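These numbers come from a predicted model, not from an experiment. Quick note on labels: first sequence line is chain A, next is B, and so on, each numbered from 1. Just the heavy atoms: all of them, side chains too, but no hydrogens, waters or symmetry mates, feed the values below.
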Number of protein chains: 2
Amino acid sequence: MRPTTKDLAKAAGVSLATVDRVLNRRAGVRKETVEAVNAAIVEIGFERNISAANLARGRRYRFEFLLPTAGDQFLESLVARIEEARTAFVGELTEVRFRRVLSDDPHQIASELTSIRPDTADGIAIMAPEAPQVRDATQRLMERGVKVVQFVSGQPGTRPVDFVGVDNNAAGATAGRLMGKFCTGHPGRILVIADTMTARDNVERRQGFDLVLTRDYPELEALPSVETHGDLERTHRIVRNLYSNFSDISGVYVLSSETRVALQAISEASDLSTQQVIAHERTSFNEEMLRNGGLDAVIAQNPGHLVRSAIRVLRARCDGREPIASQEQIRIEILIRENLGHGPSRVIQP
Amino acid sequence: MRPTTKDLAKAAGVSLATVDRVLNRRAGVRKETVEAVNAAIVEIGFERNISAANLARGRRYRFEFLLPTAGDQFLESLVARIEEARTAFVGELTEVRFRRVLSDDPHQIASELTSIRPDTADGIAIMAPEAPQVRDATQRLMERGVKVVQFVSGQPGTRPVDFVGVDNNAAGATAGRLMGKFCTGHPGRILVIADTMTARDNVERRQGFDLVLTRDYPELEALPSVETHGDLERTHRIVRNLYSNFSDISGVYVLSSETRVALQAISEASDLSTQQVIAHERTSFNEEMLRNGGLDAVIAQNPGHLVRSAIRVLRARCDGREPIASQEQIRIEILIRENLGHGPSRVIQP
DNA sequence: TATTTTCTGAGGTACGTACCTCAATTTGGT
DNA sequence: ACCAAATTGAGGTACGTACCTCAGAAAATA
């Protein structure tokens with residue numbers, strides 16, 4: 001049988017009460033006694049029964065995701081995964097909610113954060129553009145005892161905070177490498193396009209992309225970033241101009257997770273199938289583009305992993321535990337047509 | 001507050017005993033009563049407290065992994081992940097062990113399977129080459145009430161069984177696509193090499209690879225598979241011959257997870273850096289090769305996911321639940337130098 | 001040594017569910 | 001309407017841990 005606290009007490013030669021004090025780090029225990037109990041824990045291989053502990057503690061974790069309103073498909077899939085997690089975690093006494101705020105209004109984000117108190121939520125995952133107000137509000141939130149993780153896009157804070165997301169610099173470098181290898185034998189210019197370059201992740205991706213391209217593929221020249229701002233008309237004009245100026249555009253890199261406007265504008269100005277096109281995030285639009293050949297590769301991060309990882313990190317922090325770093329590493333995925341996966345299921349029912 | 005069985009009893013207008021009978025599918029309850037309780041479950045949003053249930057039930061899950069002895073690095077990393085899971089799951093009342101058997105002796109595998117009984121283990125994850133004896137032993141194992149998943153490489157069984165692993169056909173197709181795109185402007189032959197072609201996964205990969213190459217890249221010709229059988233000397237001779245016969249080998253595809261012998265033999269016969277080289281599985285050797293440019297891409301499956309997924313599927317089956325198919329989908333990962341990830345940690349401690 | 005302070009033990013209740021027994025009630029068949 | 005069978009209720013114990021109180025023992029201080 002698996003040893004219980006009772007066995008532990010006997011093994012350590014102390015009472016159940018003292019074992020409890022040590023296990024839950026309560027004050028008023030001599031150092032030698034603590035060590036004796038810890039030694040006994042190792043000796044008999046005691047493992048706390050989490051089910052029993054949760055039950056006795058009646059503990060509940062209430063977490064919230066703070067997401068921008070502006071909704072591209074990637075955000076929608078994040079929301080979908082949060083909904084999934086909401087039901088998947090009920091059994092683990094974890095309540096998950098989310099709220100959305102206008103991403104271009106740091107003031108509103110800050111006031112939203114200010115409204116959160118320890119009796120409302122135990123932890124928050126924040127996805128917001130960088131701004132001093134947001135940083136300060138986050139700081140105060142943490143001081144109030146609410147656990148915080150930076151979600152998907154980091155804030156360059158003064159105080160280190162848990163971050164759940166990919167290294168966007170490396171993601172850009174990944175795109176750069178693929179672009180370089182895909183364009184073998186086709187020297188020329190690379191069109192780089194994004195919704196906006198004020199977002200931190202886009203900037204970092206661009207840096208990583210440029211690094212690889214200039215270092216390893218001098219025959220390719222990345223053009224200055226074109227910003228769409230979601231305006232198809234305007235983007236179309238800019239892009240058309242570029243294509244008439246440069247006849248040697250051999251690749252397109254879409255930095256932002258919103259790819260539709262960019263690709264639509266370009267496809268009206270040029271034949272995409274003759275170029276190598278790389279974009280970000282696994283959206284249904286991008287999947288379709290991969291399947292029909294409009295996209296050659298997609299760099300993605302798994303939204304389900306992001307959400308679950310954020311929850312696990314928050315829960316570890318609430319318990320005063322250290323998150324398992326290796327498990328919370330979010331991978332930079334490369335998707336092409338062949339590894340998209342087809343059916344929803346590969347598990348076969350007997 | 002979250003509703004309990006007591007609340008459920010009140011809402012359904014029945015006693016606690018009846019609620020218990022319905023929840024645990026015990027016999028002796030009228031159909032109408034069952035339906036009334038189920039309706040109440042939906043109505044009040046009852047969710048069984050898994051912690052309490054586990055505690056009361058005193059349930060323990062004992063799972064075993066059956067792995068081949070022949071150890072390439074991929075297998076070693078599987079073992080490492082099983083060890084991790086062993087400690088990570090103790091809190092969830094799940095015991096994980098593994099045993100290894102000679103992969104080339106179906107008879108021994110079968111007898112190993114025969115020795116497993118429901119009082120020894122609740123579930124088994126089997127990774128074994130295909131053989132009738134193994135299939136039959138698996139069949140009998142399931143009839144004895146032990147839950148089974150096919151692990152990593154599937155058996156083409158008569159009876160459908162849960163399978164945890166990637167679609168190797170798609171994995172090969174992924175390699176084919178990358179090879180095709182990497183070799184743009186370099187028509188020629190592709191050297192395909194594996195430890196053995198008797199393993200099912202290798203055959204499936206080859207099929208997927210060929211499919212893409214012949215359909216989309218007619219300028220590339222994949223040569224017949226070279227088998228190393230772990231014999232460097234012999235492999236070296238064969239490969240040297242090939243390179244002297246064909247001067248236009250522009251790519252190498254290593255089918256099997258053991259890449260060392262293959263790559264070593266080839267690098268002695270030719271300059272690998274002028275060719276596109278694609279291999280399988282994230283081993284430390286392959287990582288190193290990616291970093292130093294000896295490999296251009298690696299197709300991988302995440303061993304940690306494989307192990308955890310197998311455990312989750314087995315646990316679901318033991319509970320009589322259906323596994324969440326989407327969560328147990330194992331992805332085909334593409335690795336290049338830039339998305340390997342560097343440090344172990346991206347979570348920063350406050 | 002006397003007194004305070006710190007530490008430890010004993011015993012209790014609670015958490016939500018599983019599973020058991022036995023009696024009471026309802027249902028179905030005749 | 002009667003009996004047997006099927007169904008339901010009432011009440012109990014158990015799981016392992018958390019957290020509480022209060023008394024008593026040990027250690028530190030004066």
Out of [options], which has the shortest distance to the side chain of [X]?
X	options	answer
B:Asp20	C:dA18, C:dG9, D:dT8	C:dA18
B:Ser15	D:dG9, C:dA10, C:dA18	D:dG9
B:Arg26	C:dA18, D:dT17, C:dT17	C:dA18
A:Leu55	C:dC19, C:dG16, D:dT21	C:dG16
A:Ala17	C:dG16, C:dA10, D:dA10	C:dA10
B:Ala52	D:dC19, C:dT17, D:dT17	C:dT17

Open item on the list: Minimum heavy-atom separation for A:Val149 and A:Val161, please, with both atom names.
Closed with: CA-CG1, 4.3 Å
I need the [atom1]-[atom2] distance between [X] and [N], as an integer number of Å.
X	N	atom1	atom2	answer
B:Arg57	C:dC15	CZ	P	21 Å
A:Lys10	C:dA10	NZ	C1'	16 Å
A:Asn49	D:dC15	CG	C1'	8 Å
B:Asp7	C:dC15	CG	C1'	14 Å
B:Leu8	C:dT17	CG	P	9 Å
B:Leu16	C:dT17	CG	C1'	9 Å
B:Arg21	C:dC19	CZ	P	13 Å
A:Arg60	D:dA18	CZ	C1'	17 Å

TODO: Identify whether any heavy atom of B:Asn24 sits under 4.0 Å from a base atom; if not, whether one sits that close to sugar-phosphate; answer base, sugar-phosphate or nothing.
DONE: sugar-phosphate
- [ ] Have a look at A:Gly28 and say if it touches a base, only the backbone sugar-phosphate, or nothing, with a 4.0 Å heavy-atom cut-off.
- [x] base
TODO: Apply side chain to side chain contact (heavy atoms under 4.5 Å, CB included) to the pair B:Val79 and B:Phe65, showing each step before the final yes or no.
DONE: CA-CA 9 Å; B:Val79 169; B:Phe65 284 79; over 6 Å; no
TODO: Kindly say if A:Thr18 contacts the phosphate of C:dG9, meaning a side-chain N or O under 4.0 Å from OP1 or OP2.
DONE: yes
TODO: Respond yes when some side-chain nitrogen or oxygen of A:Thr4 is under 4.0 Å from OP1 or OP2 of D:dG16, and no when none is.
DONE: no
- [ ] State the CG-CD1 distance between B:Leu8 and B:Ile44, to the nearest 0.5 angstrom.
- [x] 4.5 Å
Open item on the list: Could you check whether A:Arg86 pairs with B:Glu47 (Lys NZ or Arg NE/NH1/NH2 to Asp/Glu carboxylate O, under 4.0 Å)?
Closed with: no
Task: Test: A:Glu64 and A:Arg97 ion pair at under 4.0 Å - done: yes
- [ ] Between B:Ala56 and B:Arg30, name the one whose nearest nucleotide on DNA chain D is closer to the 5' end.
- [x] B:Arg30
